[in-house]
Every structure is written in structure tokens, then in C-alpha cells.
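Here is how names work: the chains are called A, B, and so on, in the same order as the sequence lines, proteins then strands, and each is numbered from 1.
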Amino acid sequence: MARTRLIFSGSGGQGVITASIILAEAAALYEGLNAVQAQSYGPEARGGATRADVILSDEDIRFPKVTQPNILICLTQEAYNKFSWIIRPGGLLLTDSHFVIQERKVDARQIEIGMYNAVIQEIGRPIVFNICMLGTLIGLTRLVGPEAVMEVLGETIPSDFLDMNRRALELGLGLGESSAP
Amino acid sequence: MARTRLIFSGSGGQGVITASIILAEAAALYEGLNAVQAQSYGPEARGGATRADVILSDEDIRFPKVTQPNILICLTQEAYNKFSWIIRPGGLLLTDSHFVIQERKVDARQIEIGMYNAVIQEIGRPIVFNICMLGTLIGLTRLVGPEAVMEVLGETIPSDFLDMNRRALELGLGLGESSAP
Amino acid sequence: MSKKTLFLQGNAVCVEAALYAGLDFFAGYPITPSTEIAELLSLKLPLKGGKFIQMEDEIASMCAIVGASLTGLKSMTATSGPGFSLKQEAIGYAVMTEIPCVIVNVQRGGPSTGLPTSPSQGDVMQARWGTHGDHSIITLTASNHQDVFAMTVEAFNLAETYRTPVILLFDEVIGHMREKMEIPEPGEIPLVERLWTSVREGTDFHPYLPREDGRLPMSDFGGIHRYNVTGLIHDMWGFPSNKPDVAHGLMRHLVDKIENRVHEIARYKEYYIDDAECILISYGSSARSALHVVENRRARGEALGLLELQTLWPFPADVIRTRCAGAKFILVVELNMGQVLQEVKKAVADPEKVFLANKIDGTFITPTDIRNVLRLIQGKGV
Amino acid sequence: MSKKTLFLQGNAVCVEAALYAGLDFFAGYPITPSTEIAELLSLKLPLKGGKFIQMEDEIASMCAIVGASLTGLKSMTATSGPGFSLKQEAIGYAVMTEIPCVIVNVQRGGPSTGLPTSPSQGDVMQARWGTHGDHSIITLTASNHQDVFAMTVEAFNLAETYRTPVILLFDEVIGHMREKMEIPEPGEIPLVERLWTSVREGTDFHPYLPREDGRLPMSDFGGIHRYNVTGLIHDMWGFPSNKPDVAHGLMRHLVDKIENRVHEIARYKEYYIDDAECILISYGSSARSALHVVENRRARGEALGLLELQTLWPFPADVIRTRCAGAKFILVVELNMGQVLQEVKKAVADPEKVFLANKIDGTFITPTDIRNVLRLIQGKGV
Amino acid sequence: MAIREYIRERFMPHIWCPGCGHGIVMNNLIRAVENLALRKRDIVMVSGIGCSARISGYLDFHTLHTLHGRALAFATGVKLARPELHILVPMGDGDATAIGGNHFIHAARRNIDMTAIIMNNRIYGMTGGQYSPLSGYGKTATTAPLGIIDQAFDIVELSKGAGASFVARTTTYHVTSMIKIFEKAIQHRGFSVVEVLSQCPTYFGRKNRMGSAVDMMKSYKTGTTPIGSEAKQKDPSLIERGIFVEEDRPEYCAEYENIIKKAMGG
Amino acid sequence: MAIREYIRERFMPHIWCPGCGHGIVMNNLIRAVENLALRKRDIVMVSGIGCSARISGYLDFHTLHTLHGRALAFATGVKLARPELHILVPMGDGDATAIGGNHFIHAARRNIDMTAIIMNNRIYGMTGGQYSPLSGYGKTATTAPLGIIDQAFDIVELSKGAGASFVARTTTYHVTSMIKIFEKAIQHRGFSVVEVLSQCPTYFGRKNRMGSAVDMMKSYKTGTTPIGSEAKQKDPSLIERGIFVEEDRPEYCAEYENIIKKAMGG
Amino acid sequence: MGPLPTERTMEPMKKNKKKRARTVNIEWCKGCGICVAFCPKSVMDLDESMKAAIVRPDDCIDCGLCELRCPDMAIESREIDAA
Amino acid sequence: MGPLPTERTMEPMKKNKKKRARTVNIEWCKGCGICVAFCPKSVMDLDESMKAAIVRPDDCIDCGLCELRCPDMAIESREIDAA
Ligand SMILES: Cc1ncc(C[n+]2csc(CCOP(=O)(O)OP(=O)(O)O)c2C)c(N)n1
Ligand SMILES: Cc1ncc(C[n+]2csc(CCOP(=O)(O)OP(=O)(O)O)c2C)c(N)n1
Ligand code: SF4
Ligand code: SF4
Ligand code: SF4
Ligand code: SF4
């Protein structure tokens, strides 16, 4: 596959970093891809805006940071305002309609999906919002197979939570596929 | 004057170092000579053998240590045994008969004087033994004038002890002169 | 996919490698960006019956691992700049007493508190000269997780081989980024175990009497031989001495055992060196950006090469001199104001051909940063 | 004889000079061979209304003088190897926050506890690189008591001029030996007082906004301006920032303010340099033995010269390059394994002509030691 | 003066997490200073490194943000140099009692006039949740996943043992008494220690299932009691609040003034 | 075994001054070890730097002569690594309570099983007579020519405040009880502190006009009294001798063994 | 959501013994809910944007505790000029 | 003074209840006088070379305190084999 550069951005509690790790790990361990994940730490660990970079490629990845993402996910207005302008022309910009109003014109495919509301309605547990987001992303892009993600979740999440996560993932997949081109 | 290199050696309580400082200071401040004094510290400050080097000269003194003294004073047997062999041929080796038995043949003028006993008899206060020794040395060598020494003592010693020190110094001078060649 | 393939942070890889190498004791004090090492070991050491302790500060941590190492356990501590400065006195003690141990410094922006969460390689010279008095020390680094594993194991092996503290100088990028790596099979990387004395109970054991080959066999505290260990200049009994010949002998031994073995200790990697007109020299995370540039340029047919240093101390000057002899110019790529640059200038015949591409603003050096400097050197302007 | 002529230990001269320079605050912790400095100041400071405190350790001592300096007092601490290692973190803080202060290190035999009462010059590189992160620092030394006085005053002047900690690197021989020296009249040596801001009460004072000339005016804690001081990378307000441009600017400022002024800061002495075929380079006590040899040889008509360094950091490379250009060979004389030797090799055109005469056994280097090396170089054998 | 007068608004809102107790300490420390009508220019605040230590950046005093654990050592230099200044030294529990423990006991021993405020959240917040010497046996932290086996210091006992002449404890729930205690501590002539139990919902709270900041503050309400209360007899597990030590002892800088007199006198 | 069996005769006579109390401590520490019939190979002695610290070189145990103030930190590493060993940590008063104060209070807090022996001569002997945190107000030293203004720590109080589970005090005059106390301290399972008043005639004695070693030992006889004696009521200036604390508390290494069990168990 | 109002005051409706009017500084408020939880008269609440709001000003008894307990110094008060 | 004897023992003259004979190791003794000062029976004294000497062996009551108080481990004792 061509080198894909992603930036996940949002705020502390949203599980943005976890999502980025799951995606990268799924690609690296179950899709035979190379993957690098790097998150930026604030001057201190105190909450605020978070950002995680993921690079996926079938070649070696040397430079581990993303300067211009071809896929950008913004889960807060703050993140959107801060990062939306660095996306590569023709890239994909995914936001959640509950948190972000896409005010800007950017030379990229801007997709706005009600992932958060869907999670609240269908599952009722905000913790799995990030997994739903991941599902949506995969539905849109097929960067990795859903099974790969489930494998990773299986390794990391207590079994009794696994089902809820699967549902969130599938919920997202649906949302993603339905709005995929 | 020609460069004179002295080593004062003895044990902790004998005031050997003080004597070396007084001589050097007298020469430096009151006789217009250059002088360097350096004492060797044990691995720790704990008692044991002490040694002080003094160099007197009318020229600049760069190298501050004495490797071969032309004047060596040994106030313990230990010091005598340790240092007597490093004296310059033709040098002067002064010991106190109460503490040291001159066992060795050395290519130097070995003078053995009962300074300690003299102090005990005449003054009765062992503390001024080192000043008496200094007097003896001066009596023997005239390295500096007695006044210079008294000047230094005047600067450093509480006035009520000054007299006792003067007597010790003069006692030594006498002993020295009488055995001077 | 094999169970041995993992996707981890560099700090976690360091932990896996230390355990692979036989780590049994860790003492530390939290500090960004090294903290994950302590956090992971606080669980993983007891799992294997090893010992983890969070001490009251970095000084105590360094002292504790020296004490533990004397009982025969492979020991490690981890820290970053401020803590590394605090450990210096005790690191000097480990050097003087020749106690094997490993000190990880995941570098962050300095000086002082600096930029705690930003990448930097500013402690290279400190690793060599941070403690007082003449001495020598081994320092390793790595640019990717497979090498982080290899160099960490190396560190423990060299520590035992030369009876010396070994410093692992990583940086925030390597410590925090995640990538794929393979855990070698047990035995796949040979391990150097402690060299114990063959002297029997009852016969005199001289803890500081080197063998023919210069190595010093040890005996564990609590074992059959009782001896003295001191930070003072000491004789073969380990007893304080201030005899000039003893002092001279010990000083030479401490330095020569490492400086005379630069070649044995030198670890480095070469990429497209042989015909390279321009050789980039880099290490740690910045070597990733350097390699990125080299590979792109090679693809375009340009004769660029990369010499990646993994041993920083003793500095492999000969390697650099010989391997870079043919290069028209050399570009050192690092995240500091030119610490390795100076060493490279010392190493090569004509220092004028050595240039620097660096970053000191807390951000990571990008291929573009390097390209800009290359253009300047090649007179193409930026 | 004039009252101003004194016969003192080097440590005592350092004390006299510090008081002459305006010392008002000393914090320290005893350690051989520096202890006399603290002992003398414990009496002499209160005599002038100044403050002396023996802290719980060297770290606290270093921190205390930084705190005191912020209130406007000229401050100093004194230590030796082990204590110097412990102070490194706080020295880095003084560098980062640009607080003027003076740190005396009367060097003893190292590494570790080493040889506490023996002379050595083993901390030269540590003085430059002992704390973590990129930085720069000023280090001075002296070979005789008149110069100990001059350089100590110099240290306080440079600290105020450049708002930086300055290290005085003496050694056991200089610290403990006694010789004659003259105390200059008040005003005879000009003193640099603190540069206070002219900003009035109520108007914004930027503690870290350099003036045109690069100097940073200060305002005393307790004074009219209230501002923040931090060891984190900070902006002109002294408030933490992790903006790359701010970080870059601060790093460059901290290093450039010293490295760009090597010529202003360089202090050195020349003896018979002009026509010298062989130039000895030395500093501190070992320069005495070197000068002894040079003078004797000159008396015999041999073209020897001595370049005595008093500024060790920033290293006066240009001075050495230019002044030694004519020499057939250069002999560095020092009490370590060649720390300044390496810098000299970096400085000159052909490093092959640079040799070393040193002593590392705890004894002081003698003229004979130097002569033996000279013979070897001159191919006369020993 | 309004509370804003003491704050460097330029740098607000502060970096602390929502509900962090440190903000409440800052809030009420300002009130105490205001009540005592101290001039801002006469106050020097010296802090170390930690979330707690960041307090100095927000307050419009002379502020010195130093090194982890060393605040009291720097403060000693400031105070001895300028004894007329009021010195406030807010510290985290790790800052004050782990790496900074030695400076703490020595400042107490010297009885040098400054106010040490220990913002005790029982965890290393800034570095993300490692245990501190005050975390307490059986609690968990990122470096004690299987439970902490370290006994905790009792700040009151440690301060007493080291010779502090003023020792008090309060919590972020008990704001009005916190203010009173701060006032007394600042007025006390000598070394004063005020321990404030201050919630870290983000790490200590989360790691130990203590709920929200609100829940943690409620636990301060229910888990503490005034010194020598009957409640304490009934339930010894209760933590006592109030002023434990308040004695008049020779203060270090005053003593040093005598040394100067002696020296100059003779 | 004869006392010589415990001494490295090769290095005797030791470097201590005539009459130095440290020799008496060494003498009686050997007796205690002998009485307990401990194997030399099971004993690790860890010392710092100072005259006192030199004791480790003369004793035929595993001996670790470390850095000034750090003995307990090194010892913690040894003990946690090999809990079955007996750890003796002799320290000078400066070593233990000045630069080493933090390690001291933390070792006490953890209650890690080792015996800290504070050879308290109230001065820095090795460096030639500077004051220590135990010198005491009004005494003189080379760094306090006009008199010491520092309050002294009370080792017993400090140890208690830090959480030590065994705390005792004795003197070089009271040799028989010194032996008993050493025996108990070594047998105690946890952190034990023994303060021994030990004369330094060369510096503390000389600086404070206390006469010879013999005179100083006499002052220990007249200036001290058993804990809770009537004499103390009459003359509160008397220093109490004996065992102040002896409690059974969870020991650190034992607790760590449980962590290992937990970890391995599941 | 456009730019937020940075302050939110509420004057009491009917004249009660209340002496001070309180203001929430929304830019500083982090929505921790402490003021809400501990207000003896439940005067405060969090709005949809998770910021504190003074919802029952008339019930306020001027205890001032919300001001003191706010970790973000986000609640301020000023005298009500008796009219 | 020539080489010194390194040990100096004294057997009690008349048989008394004494069980042990003491020895002063002159090489280790530094002449501090502690044994002399605190011997309840004044058995010890310093000789002209400032080393401890057992001058009244018969008065010794075997309290053994000199052994314990010697800072230099210079006093040793051994059982007297009952004859
Ligand atoms: C010498 C040094 N060691 C470690 C650190 C890393 N560090 C920063 S803050 C901190 C502890 C914070 O905990 P605490 O002092 O309790 O304050 P809090 O953050 O909980 O308010 C640590 C270990 C450092 N900055 N410097
Ligand atoms: C880090 C460090 N600081 C200072 C010293 C110097 N020093 C050696 S021993 C000592 C104190 C000795 O006093 P104490 O610990 O009471 O033991 P004593 O010599 O009195 O038995 C000092 C300050 C050192 N060796 N290392
Ligand atoms: S991490 Fe804890 S201590 Fe730090 S700001 Fe957040 S809540 Fe407060
Ligand atoms: S200086 Fe004091 S402590 Fe040191 S050996 Fe002499 S008497 Fe003992
Ligand atoms: S207490 Fe303060 S920060 Fe918390 S919700 Fe109320 S106003 Fe907002
Ligand atoms: S006590 Fe020991 S050292 Fe002192 S005089 Fe007696 S035998 Fe000699």
C-alpha cells in the first residue's frame, strides 16, 4: 500500500491516543504492514489537546512524525481549528458533528459524521466513542481489516468489555461505509 | 641569598607546621625574601607523621615543593628514618636528642641538640618547643633575623603568651649559636 | 504473525531487552520521558522474582543498583537529564569500584528543567565527562526498536565484560514512539554472565587484581570471599592506598580497560558508505531522519551515505576516520549544538569538510531540515 | 613592608579576593581541600555584615547562593570533586536562569573519593560538560597567589557582566601552599557591579529581554519588580514556554553570550613565546613547574616558552592557534590524563606536534618530570 | 484588593486539571495573604517542580520556580539574604518529602522563618501517577501495580521530629480553616509547616477508585476530624486537622543577626 | 572467636586518633556480633565517608565504603537484593544526618531491616572540625568561630518522626550496655537506629575545651542517665540512654516477598 | 458554537438580605462541579457546555464557599450597591 | 630506642580468683590512657614510652572493662589454665 499518514486529534478523555495505537498495532501485527505511532505530550501530562501521529506503509518507516497528514481526524473544535490547514491536498478530514463545526474550506474531502451521538443512542457508553470512530475510519478507508482491530482489542481489553467494543466498532463501520465514496 | 630548601618533620602535636609557617612568613614579610611553604596532608587529617616544606630565595620561586632539602629537621625517630636519606650532600640535619637517635651515616652535618629538655627545664611548657627549635635553627643558620620571627609572633600570638615565646626563641638561639660552626 | 513480534514504545522495548539480558534489580525515580521504564518494571520484575524499588531520589537509585550489583544481580536504573546530573557522583563511584550496572538516560530538552517532554540529544558530552576526575565510560544508543533491544542487551554484556557502568543514551522520540520489533529467542543473542572468581574459600581473593586478559573476576557480597570496596584509590585488596604507583596503576587500568578497546566496543551501522561523496553521521532518533534523506537521494542516484553510531563512548574515531576518508564532506545530524560534531572534527583529517545539521528548539529534526543544510553545503542555496 | 602584603594559603587569598570583589553571601559544605575557604568566611563575612551558612549538603549550598544572588547579593560557594558533581544540576539551573554566582572547585584526586588530599586537575572537562543539556560556562584558574586574587575578582566581574555562574578551578597545591601576595588598594581592580534595570515601578519589566548589547539588566527579589524565574525554557517574562522559536532563541542566547565572546573572556599569560621553538601550555599549579623548566632552559639559551591559560572555558582556541603557530612542538603540562591536551589538539593546525607531560599518581608534577618528556620529544631519550 | 490583583491573569486559566485541589490551595492562600494585607513586593514564593510547583507562575509575587525537591534550599538563600521578606514555599508531597526530604528536615531544624505548604495529593501528579512517600500502604500507583508496600510519612510527626515550631494540617474541603491556618503560619516567626490534603482526581483518584474531585473532597470531610475530637477516640482511622505545634523558638535569621553584632562588636 | 578474628589485622593499627571513641564503638560492635554468633559471611557492613566510615575497612565482613551520606542508599540495594544478609551501617553524625539525612528518614520510613549506627561525635572529624547538625547550639567549630546558631537534631525524635521501629542511645563509656543494645538492634527485624555518643578529642573536644578523651568519656558518665530515671526529673539537661522504641512492624523486604508471591500467584 | 460570553452574572430578583452578587468567569471555569456539589443552597449548576452557572441566585445566602472552593478562581463576587 | 617488644603480658604472682590474663598489644596501643583512667583497681598505667602497661596484675578483678573500652583493640585476654 502507499504510505498513509494520519493525525488523530482531540481532547484528553476521548481516547484518541488509544485509537491511534490500536490502528497502528492492528496494521503492524495483523496486516503485515509497517507502522509507527507517536503521540505528542504537552509540556506536562495535564489534559488539554492531544495529538497522535500514525504512519502506515509496506516499506520501512524512518521519519516517525507526520507533518502533512493525508488523513486527519479532529474530535474537538480546538483541534479542528489548529490542524485542519495542515492536511494534504486531496486528503480526508473526518470530524464528529457533535463536537466540531466544519467552518473552514480546506482542499480535502471533509466528512462530518455523528459518531458520538450514534454511540450514545446505540450503546449508551461514551467510553467506546473512540472505537466507533476507528470503525468509521476503517469503513471509510479500509486501512486495515476490522478483524485485525478485533484481534488487538482481544489482546488488550478485558473480555467482558470486548462485546461492547465490537458493537462500537461495527456501528462505526456502518457509519463509515455508508458515507464512503 | 642562595635558594634554601627546608623540610620540617615530626609528629602531630609538635607544632612543626606552625614553625615552618613562622619561618617562611618572617622571611617573606620582614626580610624581603620570597618564600613558599607547603605542608603535606595525610590521606586524612588524623595525627601521625607531619611534614612541611619551606623554600626561601631572593628570586621567584616557581616549583613549591622540596625534593632534596639542604636543611632537614627531624623531631621524631620515624621522621628521621623516613627522611634523613633525602638530604642534599653537605646539608644540615637537625634533630632533638630527646626524640631521635642519629643512627645513620649521612653525607651531611648532623646536629643533635637537647631542645626539648631545655624547654622543659628552662620554661616548663612543651607548647613552645617548636619556637625553641626555630630559634636553634636560626642560631645555627641565620636564615632570618630573630626580630623578624618576633614580628610574626607578635602578629599571631595573644600578647600574654608573647613573652614565653620570646624566651623559647632566645633559648633556642643560644643553643643554636653555641653549636654553630 | 509470531508471538515474538511486538508493537511497543521504545521504553518498553528497553524493558523487554533488560529482562532478556537477565535484569534482576531496578531502582529508580520517576522522570519524563523515562518513567515508563520504571512503571513497566514495577510489574515485570516481581513476575520473575526480581526486585523493583522506587527510591527517594535519583542519587539513592544509583547507589542502590551498585549495592545490588555487588550481590551478583544484574542491575539498572533509568532517568533523564536532571536525574542524570544528580547521579553523576555515584556513577563515578561505580566507575572507580568497577561495579557492573546499566544507567538509562532517555534524553529530554535541557539544560536544567528545560523542555521535559521534547526530544534532545544534549547529554552526549555529559555522559562522558559528567563525573569528576579522569575516568572512562561506555555509552550506547539506538535509532529503532530492534536496535534498542540489541543495544540494551549489549549494555549489560559490556558492563559485565569490562566491569563498568554502561550508559544507554536514548531520547524522547525513541522512548515514546511505537513500532514493530521482534523479541529474539532465548539464547539467540549471547549473554555475558558475571565472571566469578575461581579462588576457593580460605585462599586469598584479590578483588582488584586484574587477570592476564585484564578482566577482574568478582565474588558476590554474601558469598565466600569477604573483601573491601571503596571509592578511594585502592590497592588489589580494595583497601585505601595513597602510594603513587598504586594510584597510577589504578588510574591507567580504569581508563585503559576501555580506551584501549575502542574497536571491541565500537558498534555502528553503515548505509551506502562505500562510494558516498557525502556521508551523514548520526545516531539515535535523528539517524532516522538522516536515513530517510539518504535513501531518497540514493533513489535519485545521489552518492549519499549514512554512518550510524551506536557506540558513542569510547568514541570510535578510527572508524570515522577510515570509513569517511573518501567522502567529499561529512554532515553530522544531531539534536544538540554539535556535541558529536566536535568529536568528528577531531577524528578526521580535515575538519573543514565536516558540517552540522541540528535542531535545538524542542522539535524533532525533519528530512527537510537536513535537505536545507545539504543544499547550503552543495552551494545550491536553500 | 606594607600592610597590604600578606603570606597566605591560596584558599585564604581566594577569600580575600572574594571579599574585595564584594562577596556578601556564602553557602557551602566542608570538603578537603576547599574547606579553609568556608572556615575563613564563617568569620570574615559576619565581620562585614555578610551572610555565611553551612548547608546540609553541596546541592543545598548551590541552591542557596542562587537564591541569595537573586536578592542582589554577590554569592559564592566552594567545594571539591564529589561536591562539584553533586552541584551539577543546580549549576545548570543557574546557567538557565542566568543568575550570577561563583563556584570554587579546589580540585583533588579523582574519580570518586579518589585521593582527597592530593593535587589533581581532573575536573577541567567536567567544569564544561558536567550538567545536562547544551549550555556554556566560564571557567578560570590561576598558578600563583597574586593571580588567584586577580582571577577570583575576575570571576565575580564576569559573572555580573554575562549573568552567568563562573567556575574557579583551583587545585590542592594552590589552595594549600602559602606564598606572598599584595592586596590591591580598593578601586585598584575595577569591579563590575550588578546591572540593575532602569525600568520604573509600574511599567513592565522583562527579566529575560536582552538589551542591544546582549546584557540582561536585573531587578532584585524584594524590589519593585515582581517576575518569574524558572529552569524551564522560558520567554522574556520568565514564564514557561515550549514555542520552538522561544526555545531556539533562548538556547542560542545562553550559548552565544559566552561563545561569541571568547576573546573578551580569554585571560592568559605569555613567557618567552615570541621566538619559542617549543611552547609549553599549562595552567594552575602545574604551570609553576612548567615555568621553572622554561626559565632554566632559557638561562641555558634554549628557545622554550610558556603559554599559561587562566581562562579554561570558553577555551581560547584562537589564542593558542595564533600564538603557537611558530612553534616546532607544543607540550601541554597538566595533572590529568590530557583533558586540555585534547582541546589544544583541536585548536592547532597539526595536532601531531602536540605532546603531553602529566602526572596522575597523586603527586605533584616536578620540573624533572617535564624535562624527561622534553628529552623524549627532542629524541635525546630520558 | 480583589483576588485578581494577586494573579498573573496573562497566564490563566492555569494548567491544572478540572477539580485539582491545588487550585483551591492557591485560591485560599491568596485570601490569607489578602487578609494579612501583606505587600506583594514583600512576598517571595519559591517552589520546586511538580503540578503543585506551578502555582508560583500564576501569583504576582517574586516567584522562583526551581528544581524538584530543592525549593527550601533556594528559599533559605533568599531568606537569609533578605530576612525582611515573607517566604512562601508551596511543595508537592514528592517534592517536599521524597527528593526534598533532607532540605525539609534541615529547614525545620534551623527554624528559619518561612512557610512550607505541602500540597499533599499522595501521588506524583506531574509525571503521571507514581507513588510518593505519602501515598500510603496498600494504595496503588503506576509504579506499584500490585499495591504499595511503603509505609507513609506522617508529615506532622516528621516535622515535629525535625524540630518545626509550627505544624498544621488542613484539607481543600475545609477552606475557611485553611485560610486561618495559612494566616497563622505566615505570621509565625520561624519555620511553619502546613499540610493540605489536596485531591488529584486524575491520578490518585483514578488509580484508587476514589471517584471525582467532589467525591475526594467529601472523603476529606468524612475522613478527617479536628485535633483531639471525640470522633477520633471512636474512630482512630480519622485524620486529625488543625494546629499541632505552635511554639516560640529562636529563629535562624534573628540568631544570625546576633552573630553579626558579635562579630562587629568585637 | 577471639576479637582478632573479626579484624583485618593487616591494616591495623587503625587511623583513628588516640582516644577516638570510634575505636570503642568498633570494639564493642565486634563483641555484639561475637555474642550473637553471626557468621562473618552473612554480614555486610556499609559505611559512608568520614573517620567513622573507616570502620568498615578494618572489619572482616563484606565491607562497602561508599560515598559521604549515601551508605543507607547503597545498603538498601544490598539488603533488598539479598534479604538474608545482616546489614550494619555505621555512620558519622554528618554522614547520617547532614548530607545523608534524606536516606536516613526514608530507610526508617520503609522499615527495611538494617542496623544504622550513628557514631555521634557532634563534629565533622575527617575534614577537621566543622559543625554538624548534632553539634548543638552555642558550641563552636571551625565554621562557627562565633558560636553555632543551628539547633541540633535529636536523633531519637527524628528517628521516631520518620518511623523507625527500633531506636536506642548509648555512649562509649557505657560499653556493656552498648553491647547489649547492639545485640538487640541487630536482632530486631526492621530498621534499627543506635546513636552512640563517641568522643572526638581532636576536634570537638579541643574546640570546646572538653579536655582529653578520658574527660569526655567522664562527661558521658555524668551527663547521661537511663531512660525515665529520677535523675532526669531533677536535672532535665541530662541526656537519656537506653532503648526508646522497639516495635514489631512490617519489614520492607518481607513485604516485597509478598509482592513477588502476588505477582507469581496470578 | 460561536465565541462564548466570558462572564455570566445574575443579580438576585427580589431584594433579599444578600450583600454580594457572584460572577462565573467562564474562560477560567473548567466545569469540575465543586461549586455545584458543595453549595448549601444548590444555587449553582453546570450548563450544557459544562460550565458553572448561577441558576438560583435568590437562594444564595452569601456563604461565599463556592468562591473559596473553586480550584480555578472562576467565581468572583462584588458588593451589591444598596439601592 | 631499638625495636620494641610487641606484647607485654603479666601473669598474676599469687594465685587469686583471677581467671584471665591480659595482654597489651603495644603496636596497636596509642597511649590514650582510657584503660588507665577507668580501671576500677588502677591495674594499668602508661609507661615512659606512653604505652599501656599492666602494673598491678594482682589487683585485677577481671571486670574486663579495659578490653571493652580500648579504642584500639590493644588489650586482649586469655584464660589462665588452672594449675
Ligand atoms: C531531579 C528531578 N527528578 C525527577 C523529576 C521529575 N518530576 C517532576 S515533578 C515530580 C513529582 C511530582 O509530584 P509531587 O511533587 O507530589 O507534585 P504534584 O505533581 O503531585 O503536585 C517528578 C518526579 C524532575 N523534574 N527532576
Ligand atoms: C559529597 C561529599 N561532600 C563532602 C565530603 C567531605 N567530607 C568527608 S567526611 C565529612 C564529614 C565527616 O563528619 P562525620 O560524618 O560526622 O564523621 P566523622 O569524621 O566525624 O566520624 C565530609 C564533610 C565528601 N567526602 N563528599
Ligand atoms: S495531575 Fe493531579 S495534581 Fe496534576 S494538575 Fe491534574 S489533578 Fe492536579
Ligand atoms: S579526628 Fe576525631 S573522629 Fe576523627 S579519628 Fe580523630 S578523634 Fe576520631
Ligand atoms: S468550582 Fe469553579 S471550576 Fe469548578 S465548576 Fe464551579 S466555577 Fe467552574
Ligand atoms: S585504652 Fe587501649 S590504646 Fe588507650 S592506653 Fe589503654 S591500651 Fe592503649
*Taking all atoms of both residues into account, what is the closest heavy-atom pair of H:Pro71 and F:Cys20, and its distance?*
CB-O, 3.3 Å
*Non-hydrogen atoms of F:Gly19 and H:Cys32 that approach each other most closely*: N-CB, 3.3 Å
*Taking all atoms of both residues into account, what is the closest heavy-atom pair of H:Glu27 and F:Pro13, and its distance?*
O-CG, 3.7 Å
*Just how far is it from atom CG of H:Asp72 to atom CE of F:Met12, taken to the nearest 0.5 Å?*
6.5 Å
*Partner chain F: residue of H:Cys70, H:Gly31, H:Ser77 with the largest heavy-atom pair count (under 4.5 Å)*: H:Cys70
*Over all heavy atoms of both residues, which pair between F:Ile24 and H:Leu68 is shortest? Give the atoms and the distance, please.*
CG2-O, 3.8 Å
*Flag yes if more than 12 heavy atoms outside F:Arg209 fall under 6.0 Å of its CZ atom; otherwise flag no.*
no
*Can you say whether F:Lys218 sits under 4.5 Å from chain H via the side chain, the backbone, both, or neither, judging by heavy atoms?*
both
*Can you list the steps and then say if F:Arg4 with H:Met73 is a side-chain contact (heavy atoms from CB on, under 4.5 Å)?*
CA-CA 9 Å; F:Arg4 278 179 190 252; H:Met73 274 79 17; over 6 Å; no
_On a heavy-atom basis, which atom in H:Lys30 and which in F:Cys17 lie closest, and how many Å separate them?_
CD-C, 4.3 Å
*Donor-acceptor contact below 3.5 Å, side chain H:Arg69 vs main chain F:Tyr173*: yes
_Taking NZ in F:Lys184 as the centre, count heavy atoms belonging to other residues, nucleotides or ligands within less than 6.0 Å. Is the count above 12?_
no
*In terms of heavy-atom proximity below 4.5 Å to chain H, should F:Tyr58 be classed as side chain, backbone, both, or neither?*
neither
*Walk me through it: do F:Ile7 and H:Trp28 pass the test side-chain contact (heavy atoms from CB on, under 4.5 Å)?*
CA-CA 12 Å; F:Ile7 297 174; H:Trp28 291 8; 4.2 Å; yes
*Show the numbers, then the answer: is there a side-chain contact (heavy atoms from CB on, under 4.5 Å) between F:Gln199 and H:Ile34?*
CA-CA 12 Å; F:Gln199 69 276 12; H:Ile34 288 172; 3.9 Å; yes
*Roughly how far, to the nearest 0.5 Å, is CG of F:Asn27 from CD1 of H:Ile75?*
9.0 Å
